[in-house]
Amino acid sequence: MTSNKTTTSKLDYSLVLIVLLLFLASCLAIYSAQTTGQYDRNFLIMQIAWYGVGCGIIAGVMTLDSDQLRKISWYAYGLGLVLLILLILAPESIAPRINGAKNWFRLPGVGTIQPSEFVKVFLILTLSRVIEDHQQKNLLKTVQTDFWLLIKLGLVTLGPLVLVIKEDLGTSLVFLAILLGMIFISGITWKLLVPIFSAGILLVSTIFYFVLWQPDVLEKYLGVKQYMFGRIYSWLDPYNYQSSTGFQLTKSMLAIGSGQTSGKGFGNREVYLPESQTDFIFSIVGEEYGFIGASVLISLFFLLIYHITKVGMETKNQFYTYICVGVISMITFHVFQNIGMTIGVLPITGIPLPFISYGGSSLMGNMMGLGLIFSIRYHYKKYMFSTTA
């Protein structure tokens, strides 16, 4: 009995409440999305089941302390790379192409699993381990040591990035977002970051130029898929492509705009948006609950990010702090990119809205990330008066 009370007292109940609210928001949105009758599956029941699996993942990850997380970080990273390599080599009977992309394994009785969703969390763990090990070995910080750390972080990220960039641009951008967040928290001098980021901006501008005026070059030498160009073109001029690649975006903007201030009410959808239960779930929220409902949902995400930030600032364990930054980077990029693409501010990249969109792999990956935060709180009291906590 004492053990049970001790265990429950270590739970982060604020985070539990936030997850519960996101779960309820997801159920309401998915229930409305599936009323289009496009599929004969009950996505709501399946999402509830995936949330149950996600809670099990949180419970498992939560039991691991910082030493155990450090030990498994490289093993998890290696496992992630192996899964991504197998995904490339596997025949389409095992790894089918869906919407032109080969990003999923088909598992009998389960459905499809996207390994890159888990690799995001594995990458966070490994980058955190790399930064901590580097700083412990280099107590005297110099430009040279910072440059070497930057190289190590880049190489670690390059592994999974190279394996997914041809098939999944959205996940590649998430990897880069995690890397940027870790670079900022690592304390690398601005003498290195300013020229590097300037070169990065120049590179992105150059790529954007080729996308608009010379796409054949990117398709021939970098293997960029044709559908990726379509997303850029339909983003810049959606109404010119509304009968093809711009259909989803124009319908999404129409749905969100028609919701106005308070929305049309639960279940009172009028704009047909196919497959809205996945990447375009925010359109459902905007149409049915309007600006007020959408603002409440966005506030929930800000509350989640604030809470994780608070956890990272309170712990004295640097490894835990880096993990918090990685999880914040992952979730924040997902939220801004997904919502941005549904309102036409950002191009469509196929990134789901965390904890809200239907999808087992995405939800399990995000729950695994939250499991790391629960782990920090679960083991926090144990280290409360230690200089290494």
Side-chain angles (χ1 to χ4, degrees), residues 11-26 29 51 54-55 57-58 61-62 69 117-118 120-125 127-128 131 170-171 173-186 279 281-282 285-286 289 291-343 345-346 349 351-357 359 362-378 380:
L11 285 175
D12 188 339
Y13 287 103
S14 297
L15 189 53
V16 170
L17 177 60
I18 295 172
V19 173
L20 178 60
L21 292 174
L22 289 170
F23 166 70
L24 294 175
S26 176
Y51 254 101
C55 289
I57 292 175
I58 288 178
V61 175
M62 189 174 67
L69 290 173
E117 294 293 339
F118 305 100
K120 296 172 187 177
V121 182
F122 299 159
L123 180 63
I124 291 171
L125 275 177
L127 291 177
S128 300
I131 296 173
T171 298
L173 294 175
V174 176
F175 288 156
L176 292 176
I178 292 171
L179 173 63
L180 290 178
M182 303 303 264
I183 287 175
F184 281 123
I185 194 63
S186 66
D279 301 342
I281 196 72
F282 187 76
V285 177
Y289 306 102
F291 176 79
I292 295 175
S295 297
V296 170
L297 180 59
I298 293 173
S299 298
L300 265 181
F301 283 116
F302 274 113
L303 188 61
L304 174 63
I305 294 167
Y306 167 77
H307 185 81
I308 299 175
T309 302
K310 185 180 177 182
V311 171
M313 293 179 66
E314 288 180 352
T315 180
K316 294 184 177 67
N317 187 320
Q318 291 300 308
F319 180 66
Y320 279 156
T321 301
Y322 302 143
I323 288 175
C324 288
V325 171
V327 174
I328 290 170
S329 301
M330 178 180 71
I331 294 176
T332 301
F333 184 82
H334 266 266
V335 172
F336 275 90
Q337 172 60 38
N338 179 273
I339 294 177
M341 76 181 191
T342 60
I343 60 178
V345 175
L346 296 172
T349 56
I351 291 180
L353 188 60
F355 309 104
I356 305 297
S357 294
S362 173
L363 182 58
M364 286 191 292
N366 287 315
M367 294 292 261
M368 185 182 294
L370 286 190
L372 298 174
I373 309 303
F374 275 104
S375 172
I376 295 173
R377 281 298 198 188
Y378 185 78
Y380 178 69

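The basis for the numbers below is simple: all heavy atoms, side chains too, and nothing from hydrogens, waters or symmetry mates. Counting from 1, the numbers follow the sequence of the chain as shown. Fair warning: this is a prediction, and the values are worked out from it, not measured in the lab.
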>> Taking CZ in F23 as the centre, count heavy atoms belonging to other residues, nucleotides or ligands within less than 6.0 Å. Is the count above 12?
In response: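 Correct, the count exceeds 12.
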>> Evaluate F122 against M368 for side chain to side chain contact (heavy atoms under 4.5 Å, CB included), listing each step before the verdict.
In response: CA-CA 10 Å; F122 299 159; M368 185 182 294; 3.9 Å; yes
>> With side chain to side chain contact (heavy atoms under 4.5 Å, CB included) as the criterion, how do C324 and I373 come out once you've worked through the C-alpha distance, each side chain's angles and the decisive distance to 0.1 Å?
In response: CA-CA 7 Å; C324 288; I373 309 303; 3.9 Å; yes
What are the two closest heavy atoms between [X] and [Y], and how far apart are they?
X    : Y    : answer
M182 : S128 : CE-OG, 3.1 Å
S357 : I281 : OG-CG2, 3.4 Å
L69  : S375 : CD1-OG, 4.1 Å
G369 : V327 : O-CG2, 3.8 Å

Taking side chain as C-beta onward, heavy atoms only, is [X] less than 4.5 Å from [Y]?
X    : Y    : answer
F333 : L176 : no
I356 : F282 : no
L370 : V61  : no
I376 : E314 : no
L303 : H307 : no
L15  : R377 : no
V296 : V285 : no

> Among V335, L24, L21, whose side chain to side chain contact (heavy atoms under 4.5 Å, CB included) with L300 holds?
Replying inline: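 Of the listed residues V335, L24, L21, the side chain to side chain contact (heavy atoms under 4.5 Å, CB included) partner of L300 is L21.
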>> Checking F301 against I18 for the side chain to side chain contact (heavy atoms under 4.5 Å, CB included) test, could you report, in this order, the C-alpha distance in whole Å, the side-chain angles of both residues, the deciding distance, and whether it holds?
In response: CA-CA 9 Å; F301 283 116; I18 295 172; over 6 Å; no
Just how far is it from atom [atom1] of [X] to atom [atom2] of [Y], taken to the nearest 0.5 Å?
X    : Y    : atom1 : atom2 : result
Q337 : I339 : CD    : CD1   : 10.5 Å
Y322 : T315 : OH    : OG1   : 11.5 Å
I292 : L297 : CD1   : CG    : 14.0 Å
I185 : I131 : CD1   : CD1   : 8.0 Å
I124 : L372 : CD1   : CG    : 7.0 Å
I351 : F336 : CD1   : CZ    : 13.5 Å

Counting only N and O atoms by type, is there a donor-acceptor contact under 3.5 Å from the side chain of [X] to the main-chain atoms of [Y]?
X    : Y    : answer
Y51  : F355 : yes
S329 : V325 : yes
D279 : N338 : no

> After noting the C-alpha distance and the side-chain angles of V16 and D12, does the key distance pass the side chain to side chain contact (heavy atoms under 4.5 Å, CB included) rule?
Replying inline: CA-CA 6 Å; V16 170; D12 188 339; 5.7 Å; no
>> Checking side-chain polar atoms at under 3.5 Å, does H334 have a donor or acceptor matched by the opposite partner on N366?
In response: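 H334 vs N366: no donor-acceptor pair found between side chains.
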